[in-house]
Amino acid sequence: GEDVEQSLFLSVREGDSSVINCTYTDSSSTYLYWYKQEPGAGLQLLTYIFSNMDMKQDQRLTVLLNKKDKHLSLRIADTQTGDSAIYFCAESIPGAGNMLTFGGGTRLMVKP
Amino acid sequence: DGGITQSPKYLFRKEGQNVTLSCEQNLNHDAMYWYRQDPGQGLRLIYYSQIVNDFQKGDIAEGYSVSREKKESFPLTVTSAQKNPTAFYLCASSIHQSGGAVNEQFFGPGTRLTVL
């Protein structure tokens, strides 16, 4: 079945690195995604990774994928107060109509 | 500017009334989606549409209805049959929806519905 899980909350100090973790259960996922949601707003796609890749880097963002353990992480380097938001991981599965299945979201709080 | 809009931003409804949430996109996307967001539960898919005049139920379609008469528009009606309608509703659109292609969805700003 489809299930994507994340921890609810993460607090870091400004300038530190943040690591947000996600686990999923369906090994047939083709793409895994990270979205950001600021208060009272819609979701914004930050990055995505194809399932045959181990890592993807984009400026301050690094995505790591461990397909064996079905574990996805998002590392934000030099975290800023503007990074405070809810972060959602999601997977798409061709056999499920390529729909996105979202995790419950991790609320990141950045303290000055 | 291309984008996806939702209106209104806040909506209040009396119990027993139907209400329609608007979603419009000018991105020329074929696929459109409605999600419901509750605290700590992530997003749950209500309905989706891959093409005009066609739509499919998602995971929590009961108490909701949609139409897709135009490519640009995908309104959602929350009916009185929906037992717990107070939530944040998000509309999204994407180019590709089928096969193994990346499904990059673009989201609107959301509508917060409160039932009084």
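In the text below, chain A, chain B and the rest are named by the order of the sequence lines, each starting its count at 1. On a predicted model such as this, the values are computed, not experimentally measured, just so you know.
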Problem - Pairs meeting criterion disulfide bond (SG atoms under 2.5 Å apart) with involvement of residues 6-40 of chain B, two or more places apart - result: B:Cys23-B:Cys91
Exercise for the section: Test the A:Lys56-A:Phe50 pair against the cation-pi criterion, namely NZ or CZ under 6.0 angstrom from the six-membered ring centroid and within 45° of the ring axis. Expected result: no
Exercise for the section: Quick one: sort the A:Tyr35 and B:Phe107 rings into parallel, tilted or perpendicular, breaks at 30° and 60°. Expected result: perpendicular
Fill in the blank from the handout: What one should report as the nearest heavy-atom pair of A:Asp83 and A:Leu108 is O-CD2, 3.6 Å
Practice task
Select one option (side chain, backbone, both, neither) describing which atoms of A:Leu45 are under 4.5 Å from chain B's heavy atoms.
Solution key: side chain
Practice task
Please state whether the side chain, the backbone, both or neither of B:Leu90 comes within less than 4.5 Å of a heavy atom of chain A.
Solution key: side chain
Problem - Members of residues 73-83 of chain B whose heavy atoms come closer than 4.5 Å to chain A - result: none
Handout entry: Part of B:Gln37 lying under 4.5 Å from any heavy atom of chain A
Key = side chain
Problem - Atom group of B:Phe106 that falls short of 4.5 Å from chain A, counting heavy atoms - result: neither
Practice task
Would you please name every residue forming a side-chain contact (heavy atoms from CB on, under 4.5 Å) with A:Glu38, sequence neighbours left out?
Solution key: A:Lys36, A:Ala85
Exercise for the section: Could you look at A:Gln6 and say if it's the side chain, the backbone, both or neither that has a heavy atom under 4.5 Å from chain B? Expected result: neither
Handout entry: Contact check, side chains of A:Ser27 and A:Lys70, non-hydrogen atoms, under 4.5 Å
Key = yes
Exercise for the section: Give a yes-or-no answer on whether the side chains of A:Asp78 and A:Gln80 include a donor-acceptor pair shorter than 3.5 Å. Expected result: yes
Handout entry: Other residues, nucleotides, ligands: >12 heavy atoms within 6.0 Å of A:Met109 CE
Key = no
Completion exercise
Per-residue tally against chain B (heavy atom, under 4.5 Å) across A:Gly103, A:Gly105, A:Ala41 peaks at A:Ala41
Pairs under 3.5 angstrom only: tabulate donor-acceptor contacts from the side chains of residues 109-116 of chain B to other protein residues two or more places apart or in another chain.
{"from": "B:Thr111", "atom 1": "OG1", "to": "B:Pro8", "atom 2": "O", "distance (Å)": "2.6"}

